[in-house]
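Heads up, the thing below is written out as structure tokens.
All values below come from the heavy atoms of this structure, side chains included, with hydrogens, waters and symmetry mates left out. We count ligands from 1, going down the list as the structure has it; atoms in each ligand are counted the same way. Heads up: numbering here begins at 1 and tracks the sequence.
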Amino acid sequence: MKRAGVMGWPVEHSRSPLLHGFWLKEHRIDGAYVLLPVRPEELAAALRGLAARGFAGCNLTIPHKAPALAIVDQVDATAARIGAVNTVIARPDGMLEGRNTDAFGFRENLRAAQPGWRAGAGPAVVLGAGGAARAVVAALLDDGAPEIRLVNRSRDRAAALAAALGGPIELVDWARRAAALAGAALLVNTTSLGMTGQPPLDLALDALPQAALVNDIVYVPLETPLLRAARGRGNPAVDGLGMLLHQARPAFAAWFGVTPEVTPALRQAMAASLASR
Ligand SMILES: NC(=O)c1ccc[n+]([C@@H]2O[C@H](COP(=O)([O-])OP(=O)(O)OC[C@H]3O[C@@H](n4cnc5c(N)ncnc54)[C@H](OP(=O)(O)O)[C@@H]3O)[C@@H](O)[C@H]2O)c1
């Protein structure tokens, strides 16, 4: 039996077992995907012990994504740029490979939800400069975004992101977020604002062209006030659940040998589970 899991502290909230469990069942794979509660000080030993326990690898969540960079034997180029590992492959030879699939998940979600979408279409506005923003900006840069307006409350954090990733990134003060939307082809919210239990995202969309694609990577609730407002004024809008589902595909493929698909049935199962939180 092949095994994988998600390491975090805490980790009980993770919906990854439902997601990977869905695919294991769909593909009739003799495997398991489990929660792996691991304290920060135990991370290195837990990762080193994966193969011996019959694990093909694991996902990493808070607070392990950045510390894992210094533990694994190999880090792929995307994980190194983003500064975080979300997927670990425990190879049979004992080597640990660290990858980051969040940029892939972001890109695939937009492509699947909005066929024909291209990062090169025009300026992108990215709200937020946290861990998720790094993956989003990396994907946009790789896909040829001509200009990224990075809007964050803490300018230092945005400056650090821009310095780490390079490219055509313009820093915009949080107070100027509404004006930054003028002429944009894409707006992505990567802040936690608008998430259940967090403050709302206060953003006037008046300056945003109607053709601009709006993506909120917050997925609880699925239909955030930002997405509702965008759809209400005629903008195409894409929710964040697809990013979560797509980022899991390359990891599942590496561990279990089958590349799974994001189907309406999977989306429905995950959305129902998230709604019952
Ligand atoms: N769909 C997916 O697959 C996916 C993947 C990853 C994350 N996410 C979601 O993305 C969100 C961010 O995750 P993360 O890991 O990047 O978190 P993070 O590293 O903690 O970053 C949070 C971001 O939100 C900003 N922020 C928080 N409170 C704010 C406020 N009151 N006013 C203005 N800005 C505020 C922060 O600004 P400062 O820098 O100024 O603090 C920072 O830019 C979460 O809701 C998470 O669930 C979704």
Side-chain angles (χ1 to χ4, degrees), residues 6 8 10-11 13-16 18-20 59-67 78-79 82-87 100-113 125-139 148-165 169 171-178 180 187-203 214-227 237-252 262 266-267 270-271 273-274 277:
V6 53
V11 76
H13 63 279
S14 173
R15 289 299 191 271
S16 292
L18 173 64
L19 168 54
H20 288 277
N59 283 125
L60 296 176
T61 187
I62 291 169
H64 300 324
K65 287 185 176 193
T78 310
I82 294 171
V85 170
N86 76 342
T87 301
N100 191 305
T101 63
D102 281 335
F104 172 89
F106 166 74
R107 175 188 298 122
E108 289 297 299
N109 181 34
L110 290 198
R111 284 186 183 161
V125 177
V126 176
L127 304 177
R134 285 193 173 229
V136 166
V137 172
I148 297 173
R149 302 171 190 163
L150 186 61
V151 191
N152 197 49
R153 177 180 58 179
S154 318
R155 199 177 168 91
D156 290 359
R157 209 168 176 197
L161 189 162
L165 295 183
I169 301 174
L171 304 189
V172 178
D173 286 338
W174 185 248
R176 296 197 37 81
R177 58 195 180 281
L187 166 64
V188 187
N189 175 43
T190 79
T191 74
S192 45
L193 298 174
M195 189 177 170
T196 302
Q198 298 292 319
L201 171 63
D202 175 15
L203 177 65
V214 178
N215 173 220
D216 201 334
I217 75 160
V218 167
Y219 53 84
V220 182
L222 209 51
E223 181 78 351
T224 61
L226 170 65
L227 294 179
V238 178
D239 68 50
L241 178 57
M243 176 175 169
L244 179 72
L245 303 181
H246 281 283
Q247 64 77 28
R249 293 172 57 219
F252 188 92
V262 171
L266 172 62
R267 264 191 68 93
M270 287 289 286
S273 166
L274 292 167
R277 271 180 177 203

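Ranking the protein heavy atoms by distance from atom 5 (C) of ligand 1 puts M243 CE, 4.0 Å first. Counting protein heavy atoms only, atom 3 (O) of ligand 1 is closest to L244 N, 3.2 Å. In terms of protein heavy-atom proximity, atom 8 (N) of ligand 1 is closest to I217 CD1, 3.6 Å. Counting only heavy atoms of the protein, atom 23 (C) of ligand 1 lies nearest to T191 CA, 3.9 Å. For atom 32 (N) of ligand 1, the closest heavy atom belonging to the protein is L193 CD1, 3.5 Å.
Atom 27 (C) of ligand 1 is flagged as protein-proximal [any protein heavy atom, distance under 4.0 Å].
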> Taking it one step at a time, do D216 and T224 satisfy side-chain hydrogen bond (donor to acceptor under 3.5 Å, both in side chains)?
Replying inline: CA-CA 7 Å; D216 201 334; T224 61; 2.7 Å; yes

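Less than 4.0 angstrom separates some heavy atom of G128 from each of these atoms of ligand 1: 43 (O). For ligand 1, the atoms sitting less than 4.0 Å from at least one non-hydrogen atom of W174 are 33 (C), numbered in the order shown with element in parentheses. Those atoms of ligand 1 with a heavy atom of V218 less than 4.0 angstrom away are 45 (O). For ligand 1, the atoms closer than 4.0 angstrom to any heavy atom of G130 are 16 (O), 19 (O), 21 (O), 43 (O). Within ligand 1, counting atoms from 1 as listed, the ones closer than 4.0 Å to a heavy atom of T190 are 10 (O), 11 (C), 12 (C). Proximity to G131 (heavy-atom distance under 4.0 Å) selects the following atoms of ligand 1: 16 (O), 19 (O).
Scanning G242, A132, A248, A135 for the heavy atom closest to atom 16 (O) of ligand 1 points to A132. Of the candidates S192, S154, A158, it is S192 that places a heavy atom closest to atom 22 (C) of ligand 1.
Ligand 1 has an N or O atom lying under 3.5 Å from an N or O atom of R157, backbone or side chain. Some N or O of G240 is nearer than 3.5 Å to an N or O of ligand 1, by distance alone. For ligand 1, none of its N or O atoms has an N or O atom of M195 under 3.5 Å away. Geometrically, ligand 1 and A129 share a nitrogen or oxygen pair separated by less than 3.5 Å.
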Name each donor-acceptor pair under 3.5 Å that joins a side chain in residues 150-159 to protein atoms two or more places apart or in another chain, with its distance.
residue: N152; atom: OD1; partner: A129; partner atom: N; Å: 3.1
residue: N152; atom: ND2; partner: S154; partner atom: O; Å: 3.0
residue: R155; atom: NH1; partner: D173; partner atom: OD1; Å: 2.7

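Only the side chain of N152 comes within contact range of ligand 1, with a heavy atom under 4.0 Å; no backbone atom does. Residue R153 touches ligand 1 through backbone and side chain together, judged by heavy-atom distances below 4.0 Å.
Between R15 atom CZ and L245 atom CG the span is 13.0 Å, to the nearest 0.5 Å. The line from CD of Q247 to CG of N100 is 8.5 Å long, rounded to the nearest 0.5 Å. Between atom CE of residue M243 and atom CZ of residue F104 there is a gap of 12.0 Å, rounded to the nearest 0.5 Å. Rounded to the nearest 0.5 angstrom, Y219 OH and N109 CG are separated by 12.5 Å. Rounding to the nearest 0.5 Å places CZ of R267 at 10.5 Å from CG of L244.
At least one side-chain heavy atom of M270 sits less than 4.5 Å from a side-chain heavy atom of L18. Proximity of D239 to E223: side-chain heavy atoms (C-beta onward) are nowhere separated by under 4.5 Å. You'll find the side chain of V188 stays beyond 4.5 Å of the side chain of L110, heavy atoms only.
Evaluation of the salt bridge (Lys or Arg N to Asp or Glu O under 4.0 Å) rule for R249 yields E108, E261 as partners, not counting sequence neighbours.
Considering all non-hydrogen atoms of both residues, H246 and A112 come closest at NE2-CB, 3.9 Å.
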